[in-house]
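These notes concern the structure reproduced below.
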Amino acid sequence: MMNIAIIPARGGSKRIPRKNIKKFCGQPMLAYPIKAALESGVIDKVIVSTEDEEIATVAREYGAEVPFYRPAALADDHTGTSPVVRDTLQRLLQLGWDIQHCACIYATTPLLSSVLIKQAYEQLCETSADYVFTSARFSFPIQRALLQTKTGGVTPFDPASIVKRSQDLPPAFHDAGQLYWGSCNTWLDQNKYIFSEKSQMLVLPPHLVQDIDTLEDWNHAELLYRMLQSQ
């Protein structure tokens, strides 16, 4: 049985056009997760799920496989990640692939290393978790968040917590938007959810987490990447 990584990488990106193959510190963005997955030592094949011929060409150039193109119905702005992973797994199984575990890795994850991919996989294997995914801790207690009223005033998001000390509030975490490990059977089970009590987090430090949705995000990610490379 094999372990695979599936990288969803559709062609349509509104805020940063063609961001999945846009040059990031000299290489196409997609090259980074492909390289990290192949170097992790725990992934046998990397599959890129795309409907775009140019993305498929870049994916193959850096060592990934594109055995088929993603259906147009799963390549719009409203399709979630899990249906894409399930569709890819089902089609690979129909081709006779014997898959044990699957990592879903997002295409815009240049800060994700092969070491972290392996670490998350080992955590999955050593526990009874359905999924293991990367996360980060909020730097400020979310219970003390503020809302702005229609008249420009301020109201606490949680009035009961606004008067409490930060150290008296439990830490909160958010999805890092990078990596999700699960067994093939878990991914195919639509009743099992990534964000549930049966999942576990691999908590990352802040300098390894960066959403890339705007050009400002992109520039910040490049700064973080260069900093990590200089260490």
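Position 1 is the first residue of the sequence, and the numbers go up from there.
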Q.
side chain to side chain contact (heavy atoms under 4.5 Å, CB included), that's the test. Do Val115 and Lys118 meet it? Break it down for me.
A. CA-CA 5 Å; Val115 173; Lys118 182 179 180 181; 5.9 Å; no
**Q.** Stepwise side chain to side chain contact (heavy atoms under 4.5 Å, CB included) check, Met2 with Lys45
**A.** CA-CA 8 Å; Met2 70 174 76; Lys45 292 179 179 291; 4.1 Å; yes
Q) Any side-chain heavy atom of Glu54 within less than 4.5 Å of one from Arg18? A) yes
Q) Do Glu122 and Cys125 come within less than 4.5 Å of each other through their side chains, counting heavy atoms only? A) no
Q: Find the distance between OG (Ser82) and CG (Asp189) and round it off to the nearest 0.5 Å.
A: 11.0 Å
Q) Does anything in residues 48-85 pair up under ring pair (Phe, Tyr, Trp, His ring centres under 6.0 Å), and if so which pairs, sequence neighbours excluded? A) none
Q. Just by modelled atom types, is the Ile212 backbone N or O under 3.5 Å from a matching donor or acceptor in the Lys19 side chain?
A. yes
Q.
Tell me if a side-chain donor or acceptor on Asn20 pairs with a main-chain N or O of Arg10 at a distance below 3.5 Å.
A. yes
Q | Lys164 NZ to Gln143 CD distance, which is reported to the nearest 0.5 Å | A | 8.5 Å
**Q.** Within one Ile-Leu-Val-Met-Phe-Trp-Tyr cluster: Val42 and Val85, side-chain cutoff 4.5 Å
**A.** no
Q) Which heavy-atom pair separates Ala129 from Gln200 by the least distance, and what is that distance? A) CB-CG, 3.9 Å
(Q) Is there a side-chain contact between Gln148 and Val154 in this structure, where contact means two heavy atoms from C-beta onward sitting under 4.5 Å apart? (A) no
(Q) For Glu222, is there any backbone N or O sitting under 3.5 Å from a side-chain donor or acceptor partner on Asn219? (A) no
Compile the donor-acceptor pairs under 3.5 Å between side chains in residues 103-112 and protein atoms, sequence neighbours left out, one pair per line.
{"from": "Tyr106", "atom 1": "OH", "to": "Thr81", "atom 2": "OG1", "distance (Å)": "2.8"}
{"from": "Thr109", "atom 1": "OG1", "to": "Tyr106", "atom 2": "O", "distance (Å)": "2.8"}

Q. If every non-hydrogen atom of Lys192 is compared with every non-hydrogen atom of Asp130, which pair is closest and at what distance?
A. CD-OD2, 3.7 Å
Q) Do Pro71 and Arg91 come within less than 4.5 Å of each other through their side chains, counting heavy atoms only? A) yes
(Q) So, using salt bridge (charged side-chain N to carboxylate O under 4.0 Å, His left out) as the criterion, who are the partners of Arg15 when residues are at least two apart? (A) Asp213
Q. Can you get from Tyr32 to Ile6 by hopping between Ile, Leu, Val, Met, Phe, Trp and Tyr side chains that sit under 4.5 Å apart?
A. no
Q. Does Phe24 belong to the same Ile/Leu/Val/Met/Phe/Trp/Tyr cluster as Leu223, with side-chain heavy atoms less than 4.5 Å apart forming each link?
A. no
Q) How many angstroms lie between OG in Ser49 and CG in Asp87, if you round to the nearest 0.5 Å? A) 7.0 Å
Q. Are Gln210 and His220 close enough that some pair of their side-chain heavy atoms sits under 4.5 Å apart?
A. yes
Q: For residues Val84 and Leu74, report the shortest heavy-atom separation together with the two atoms involved.
A: CG2-O, 3.8 Å
Q | Hydrophobic cluster identity match, Ile99 and Leu124, side-chain contacts under 4.5 Å | A | no
Q. Is there a donor-acceptor pair under 3.5 Å between the side chain of Thr50 and the backbone N or O of Ala9?
A. yes
(Q) Please report the interatomic distance OG1(Thr155) to CZ(Phe157), rounded to the nearest 0.5 Å. (A) 10.5 Å
Q | hydrophobic_cluster_shared for Val132 and Ile4, side chain cutoff 4.5 Å | A | no
Q: Apply ring-ring contact (aromatic ring centres under 6.0 Å, His included) to Phe133 and Phe195, showing your working.
A: CA-CA 9 Å; Phe133 64 95; Phe195 307 121; 5.1 Å; yes
**Q.** Non-hydrogen atoms of Trp187 and Leu89 that approach each other most closely
**A.** CB-CD1, 3.5 Å
Q. Are Val48 and Glu65 side-chain neighbours, meaning at least one heavy-atom pair lies under 4.5 Å?
A. no
(Q) Rounded at 0.5 Å granularity, tell me how far CD in Gln123 sits from CE in Met201. (A) 9.5 Å
(Q) Could you report the tightest heavy-atom contact between Ser40 and Ala37, atom names first, then the distance? (A) OG-O, 2.8 Å
Q: Give the C-alpha distance, both sets of side-chain angles, the deciding distance and a yes or no for salt bridge (Lys or Arg N to Asp or Glu O under 4.0 Å) between Arg70 and Asp52.
A: CA-CA 8 Å; Arg70 190 194 305 185; Asp52 188 282; over 6 Å; no
Q) Between Leu204 and Leu116, does a side chain to side chain contact (heavy atoms under 4.5 Å, CB included) hold up when you go through it step by step? A) CA-CA 9 Å; Leu204 305 182; Leu116 290 173; 3.8 Å; yes
**Q.** Heavy atoms from other residues, nucleotides or ligands near CD of Gln229 exceed 12 (cutoff 6.0 Å)
**A.** yes
Q: Considering non-hydrogen atoms only, spot the tightest contact between Ile34 and Gly63 and give its length.
A: CG2-C, 4.3 Å
Q: Evaluate the side chain to side chain contact (heavy atoms under 4.5 Å, CB included) criterion for residues Ile47 and Val66: first the C-alpha distance (whole Å), next the side-chain angles of each, then the deciding distance (0.1 Å), finally the verdict.
A: CA-CA 6 Å; Ile47 309 302; Val66 186; over 6 Å; no
(Q) To the nearest 0.5 Å, what is the distance between SG on Cys102 and CG on Leu92? (A) 8.5 Å
Q.
Under the rule for ring-ring contact (aromatic ring centres under 6.0 Å, His included), what residues qualify as partners of Phe140, not counting sequence neighbours?
A. none
Q: Determine which pairs satisfy side-chain hydrogen bond (donor to acceptor under 3.5 Å, both in side chains) with at least one residue from residues 95-105, sequence neighbours left out, and list them in order.
A: Asn3-His101
Only pairs under 3.5 Å count here: list side-chain donor-acceptor contacts from residues 170-186, not counting sequence neighbours, and write none if there are none.
{"from": "Asp175", "atom 1": "OD1", "to": "Gly177", "atom 2": "N", "distance (Å)": "2.9"}
{"from": "Asp175", "atom 1": "OD1", "to": "Tyr180", "atom 2": "OH", "distance (Å)": "3.1"}
{"from": "Asp175", "atom 1": "OD2", "to": "Tyr180", "atom 2": "OH", "distance (Å)": "2.8"}
{"from": "Gln178", "atom 1": "NE2", "to": "Leu208", "atom 2": "O", "distance (Å)": "2.8"}
{"from": "Trp181", "atom 1": "NE1", "to": "Ile117", "atom 2": "O", "distance (Å)": "3.0"}
{"from": "Ser183", "atom 1": "OG", "to": "Thr186", "atom 2": "N", "distance (Å)": "3.0"}
{"from": "Ser183", "atom 1": "OG", "to": "Thr186", "atom 2": "OG1", "distance (Å)": "2.8"}

Q) Would a 4.5 Å heavy-atom cut-off, applied to side chains only, mark Asp158 and Arg144 as touching? A) no
